[in-house]
Amino acid sequence: MSIKPARTRIAPSPTGHMHLGTARTALYDYLLAKQTGGQFILRIEDTDIKRTVAGAEQEIMDGLRWLGLEYDEGPDIGGKFGPYRQTERREIYQHHAKILINNGNAYPCFCKPDELEKKRQEQMKRKENPRYDGKCRNISPDEAAKRIANGEAHTVRFKMPHDGITIAHDHLRGEIKTENKQLNDYVLIKTDGLPTYHLAAIVDDHEMQITHVLRGSEWLGTFPLHVNIVRAFGWEEPIWIHLSVFLKPSGKGKMSKRESAQAMKDGYSIFIKDMQELGFTPEGVLNWSALMGWGVAEDDVLNMNQMIERFSIDSLTASPAAINFQKLDHFNATHIRLFTTVDLATRLKPYFTREGLTVDDDTLLKIIPLIRERLTTLDDCIAFGAFFFKEEVSPNPEDLIAKGLDAKQSAEVAKKCLEILSSLPSIDHASTESPMRSYVEESGLSPNQIFGILRVAVTGQKVSPPLFESMEIIGRETCLKRIENAIDLLSKM
RNA sequence: GCCCCUAUCGUCUAGUGGACUAGGACGCAGCCCUUUCAAGGCUACGACCGGGGUUCGAAUCCCCGUAGGGGCACCA
């Protein structure tokens, strides 16, 4: 369905951890670019030096790559339209600010921060909208030049028209009309010579030939400003798409530090780096976040190729979406079940080794079919499979006692199991099941009681993958040893 | 306070004037399967924010409320 190649960009600020919202916007950017045969670009918006956090840029790049959102151009790989870090583009913005000054759409401002702050306070006291009063709007170019030459600190402000209305067009919301008197003479270049977002983003999007700007709806307020800046340059506008924000699970407000901490306690996070550590998969995270804000009627389990195929900016939704972590679990588990055995084994191995276990690859491959459908997150493999890689297990003695039996009776059951199993040359699934079933029949006990004792003895836990298959993988000697140990434990009670 | 955006099951959403007894997914409840836990299958419960219009006809278009969200920086 592609018309012409789209160039899209994700333009995060390196001010903290990479957020879920960034990931979703990047996903949509990526899908649009790939679908149309265009390019997806990473641009770092680091013009606020005070807020820049060391390592944040790397985290963004790592996060995008982990998600599989490979960018075609970016700070670490370059590209035709670089540099891709705004602090390295200072002259470009200076140049463009001059263009605006020269064509009467911007002016130098010499007002001091404290004096502006004072005015703002007064305006608020008078219940007026805090707005720049235009003091420097009409300083003559000659005088301005002189003061600049004298080294007087100054900013550059956009000269917003006082009259009329600005009509901006958002692809999801249609025409957004704003009275110009509501708008402000925003600062374009700060005293430190670096641009604000308003100038930098507009200039870069144009210079980098971005065709579709996808960003959060928090930019809707300054959207008319941006449109005015584009028009002041006489440039063609990109297609603007303001995505809805994510709300906390209750739907009341954005995720705050408090909710983030609570989520972390529950084993969830809205930070990409955390999600990776918590055992979520790129496939799960992508599928989940994609559907918050993108209306897919049916068949909503999608991989990257399917998303690329089906994505459309026309089916994006404008209303805010409450985060639902249960649904993340669902998508994560669903994608885990879709992985091939080898793929899943590769992904699981780090979680086992992180736990200090030595992983034998053959064993790992064998246990995948047993644990796959039991995993919600990748790190669940510890709960379901750690005992395969341990020399010994240490069951809770209480757990060895079957329901309705006492320790002595349970020990008798364990002994009988040991007797049956040790008489077999091998305890593979095929040869163990039948004699064990016969024993259940004769004993008058339930499968639950007998297999329960055996399960705890062999795996060390009450909940495990299927018993006979597990014993086969653990091996005859180890199984018998573990049952003996269980008998020992029971007889001491 | 001012400006902007949004409004369908608890949640994410489909729906673009008649095909709607409003569809799907998550969750929840029940049943089946079953040696535990899952997975799987089946069934149930569950929504058009309110009020006015427009129209033969409105979830769908308009207006007014209401609610929620976002913004009002030399931050992005």
Side-chain angles (χ1 to χ4, degrees), chain A residues 11-13 15 45-48 50-51 109 111-113 116-117 120 124 126-132 153-157 170 172-173 176-179 181-184 186-192 194-198 200-201 215-224 242 244-245 247 249-254 288 291-301 315 317-331 333-334 337 370-376 380 383-384 433 436-437 440 446-456 459 461-468:
Chain A
S13 293
T15 53
E45 308 218 324
D46 55 352
T47 55
D48 188 349
K50 295 179 292 297
R51 291 206 309 152
C109 171
C111 295
K112 305 280 175 292
L116 291 169
E117 183 54 35
R120 204 186 339 268
M124 301 228 290
R126 277 180 268 135
K127 303 220 185 226
E128 286 171 21
N129 275 357
R131 195 174 303 124
Y132 180 61
H154 68 285
T155 61
V156 175
R157 284 182 184 273
D170 174 84
L172 300 183
R173 299 155 210 268
I176 293 169
K177 298 176 189 165
T178 313
E179 291 182 81
K181 66 179 182 195
Q182 298 295 341
L183 273 9
N184 203 350
Y186 289 89
V187 169
L188 262 21
I189 300 276
K190 298 179 278 184
T191 320
D192 65 6
L194 283 165
T196 58
Y197 173 89
H198 310 306
R215 42 154 41 171
S217 65
E218 64 268 24
W219 292 112
L220 235 25
T222 42
F223 181 28
H242 292 89
S244 60
V245 293
L247 270 24
S250 66
K252 311 262 183 202
K254 291 202 290 189
W288 173 61
L291 264 31
M292 288 190 284
W294 172 20
V296 175
E298 284 169 37
D299 302 326
D300 59 359
V301 175
S315 50
T317 58
S319 49
I323 289 174
N324 180 350
F325 287 117
Q326 286 176 317
K327 207 153 182 170
L328 203 213
D329 279 341
H330 165 255
F331 279 115
T334 303
R337 275 177 254 129
L370 266 44
I371 65 173
R372 181 179 359 234
E373 66 223 26
R374 275 160 256 266
L375 306 178
T376 297
D380 284 343
F384 282 105
E433 177 139 21
M436 286 303 298
R437 294 261 176 216
V440 171
S446 72
N448 211 332
Q449 290 171 306
I450 293 176
F451 295 150
I453 292 169
L454 196 52
R455 180 189 312 284
V456 176
T459 68
Q461 52 199 57
K462 291 169 86 168
V463 173
S464 82
L467 184 55
F468 295 119

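Proteins get letters first, then strands, A, B, ... in listed order; numbering begins at 1 in each.
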S.K.: Please name the nucleotide paired to B:C61 by Watson-Crick or G-U wobble geometry with both distances under 3.5 Å, or report none.
M.R.: B:G53
S.K.: Students often get this wrong, so: under 4.0 angstrom with heavy atoms, is A:P466 touching a base, only sugar-phosphate, or nothing?
M.R.: base
S.K.: Output the rounded distance in Å from CZ (A:F223) to P (B:G70).
M.R.: 20 Å
S.K.: When rounded to the nearest Å, what value does the distance between C1' atoms of B:G18 and B:G41 take?
M.R.: 37 Å
S.K.: Contact class for A:W288 vs. all strands (heavy atom < 4.0 Å): base, sugar-phosphate, or nothing?
M.R.: nothing
S.K.: What nucleotide, of B:C72, B:A76, B:U35, holds the atom closest to the side chain of A:E45?
M.R.: B:A76
S.K.: From the set B:U35, B:U36, B:G71, return the single nucleotide nearest to any side-chain atom of A:S464.
M.R.: B:U36
S.K.: Without decimals, in angstroms, what is the distance between A:N184 CG and B:A73 C1'?
M.R.: 9 Å
S.K.: Evaluate the side-chain proximity of A:I323 to A:W288: yes if any heavy-atom separation is below 4.5 Å, no if none is.
M.R.: yes
S.K.: Any base atoms under 4.0 Å from A:G293, or only sugar-phosphate, or nothing? Heavy atoms, all strands.
M.R.: sugar-phosphate
S.K.: Tell me, for nucleotides 61-67 of chain B in 5' to 3' order, what letter each nucleotide earns: B for a base near a protein heavy atom under 4.0 Å, S for only sugar-phosphate near one, - for neither?
M.R.: -------
S.K.: Considering Watson-Crick and G-U wobble pairs with both distances under 3.5 Å, what does B:G10 pair with?
M.R.: B:C26
S.K.: Anything under 3.5 Å between a protein N or O and an N or O of nucleotides 40-48 of chain B, put it in a table, one pair a line.
M.R.:
residue, atom, partner, partner atom, Å
B:G40, OP1, A:R337, NH1, 3.1

S.K.: Do the side chain of A:R157 and the main chain of A:Y132 share a donor and acceptor less than 3.5 angstrom apart?
M.R.: no
S.K.: Indicate, with a heavy-atom threshold strictly under 4.0 Å, whether A:C111 touches base, sugar-phosphate, or nothing.
M.R.: base
S.K.: Can you tell me if the side-chain N/O atoms of A:K190 get under 4.0 Å from OP1 or OP2 in B:A76?
M.R.: yes
S.K.: Using a cut-off of 4.0 Å on non-hydrogen atoms, how would the nucleic acid contact of A:G295 be classed: base, sugar-phosphate, or nothing?
M.R.: sugar-phosphate
S.K.: Evaluate the side-chain proximity of A:T196 to A:K190: yes if any heavy-atom separation is below 4.5 Å, no if none is.
M.R.: yes
S.K.: A:V463 or A:Q182: which one's nearest nucleotide on RNA chain B is closer to the 5' end?
M.R.: A:Q182
S.K.: What is the minimum heavy-atom distance between A:A322 and A:G251, and which atoms define it?
M.R.: CB-CA, 3.9 Å
S.K.: Provide, to the nearest angstrom, the distance between the NZ atom belonging to A:K254 and the P atom belonging to B:G68.
M.R.: 17 Å
S.K.: Go through the side-chain N and O atoms of A:S464 and A:R455 and say whether any donor and acceptor fall under 3.5 Å apart.
M.R.: yes
S.K.: Report yes if a donor N or O on one partner sits less than 3.5 Å from an acceptor N or O on the other, where the partners are the side chain of A:T191 and the base of B:C74; otherwise report no.
M.R.: yes
S.K.: What is the distance from atom CZ of A:F384 to atom CD of A:Q461, rounded to the nearest 0.5 Å?
M.R.: 8.0 Å
S.K.: Would you mind classifying the nucleic acid contact of A:T317 as base, sugar-phosphate or nothing, using non-hydrogen atoms under 4.0 angstrom?
M.R.: sugar-phosphate
S.K.: With a 4.0 Å cut-off on heavy atoms, is A:R437 in touch with a base, just the backbone sugar-phosphate, or nothing at all?
M.R.: base
S.K.: Looking at A:R157, does any N or O in its side chain come under 4.0 Å of the phosphate oxygens OP1/OP2 on B:C74?
M.R.: yes
S.K.: What is the pairing partner of B:C72, taking Watson-Crick or G-U wobble pairs with both distances under 3.5 Å in any strand?
M.R.: B:G1
S.K.: Please give the nucleotide sitting opposite B:A19 as a Watson-Crick or G-U wobble pair, both distances under 3.5 Å, or none.
M.R.: none
S.K.: Check every atom of B:A38, B:A76, B:U35 against the side chain of A:F451 and return the nucleotide holding the closest atom.
M.R.: B:U35
S.K.: What is the pairing partner of B:U35, taking Watson-Crick or G-U wobble pairs with both distances under 3.5 Å in any strand?
M.R.: none
S.K.: Would you give the length of the straight line joining atom CG of A:D300 to atom NZ of A:K327, rounded to the nearest 0.5 angstrom?
M.R.: 6.0 Å
S.K.: Between B:A38 atom P and A:R374 atom CZ, what is the distance in whole Å?
M.R.: 10 Å
S.K.: Please verify the inter-ring angle class for A:W219 with A:Y197; under 30° counts as parallel, over 60° as perpendicular, anything in between as tilted.
M.R.: parallel
S.K.: How long is the line joining CZ of A:R131 and P of B:C3, in whole Å?
M.R.: 11 Å
S.K.: Roughly how far apart are A:D329 CG and A:D380 CG, rounded to 0.5 Å?
M.R.: 8.5 Å
S.K.: Between B:C2, B:A73, B:U35, spot the one nearest the side chain of A:F468, thanks.
M.R.: B:U35
S.K.: Just checking A:T155: base, sugar-phosphate only, or nothing, at a heavy-atom cut-off of under 4.0 Å?
M.R.: base
S.K.: Which protein N or O atoms sit under 3.5 Å from an N or O of nucleotides 4-11 of chain B?
M.R.:
residue, atom, partner, partner atom, Å
B:C5, O2', A:R173, NH1, 2.2

S.K.: What's the CD-C1' distance between A:Q461 and B:U36, to the nearest Å?
M.R.: 10 Å
S.K.: Under 4.0 Å, counting only non-hydrogen atoms across every strand here, what does A:T47 touch: a base, just sugar-phosphate, or nothing?
M.R.: sugar-phosphate
S.K.: Please compare A:P195 and A:L328 by the position of their nearest nucleotide in RNA chain B and report the one closer to 5'.
M.R.: A:L328
S.K.: Would A:M436 and A:L454 count as a side-chain contact (heavy atoms from CB on, under 4.5 Å) here? Give the steps.
M.R.: CA-CA 11 Å; A:M436 286 303 298; A:L454 196 52; 3.7 Å; yes
S.K.: Within the structure provided, determine whether A:L220 and A:I176 are in side-chain contact (heavy-atom separation under 4.5 Å).
M.R.: yes
S.K.: Write down the distance between CZ (A:R215) and P (B:C75), rounded to a whole number of angstrom.
M.R.: 17 Å
S.K.: Hey, are the side chains of A:L183 and A:P224 touching, using non-hydrogen atoms and a 4.5 Å cut-off?
M.R.: yes
S.K.: Side chain of A:E218, heavy atoms from C-beta onward: which of B:A76, B:C3, B:U35 has the nearest atom to it?
M.R.: B:A76
S.K.: In whole angstrom, what separates A:L467's CG from B:U35's P?
M.R.: 11 Å
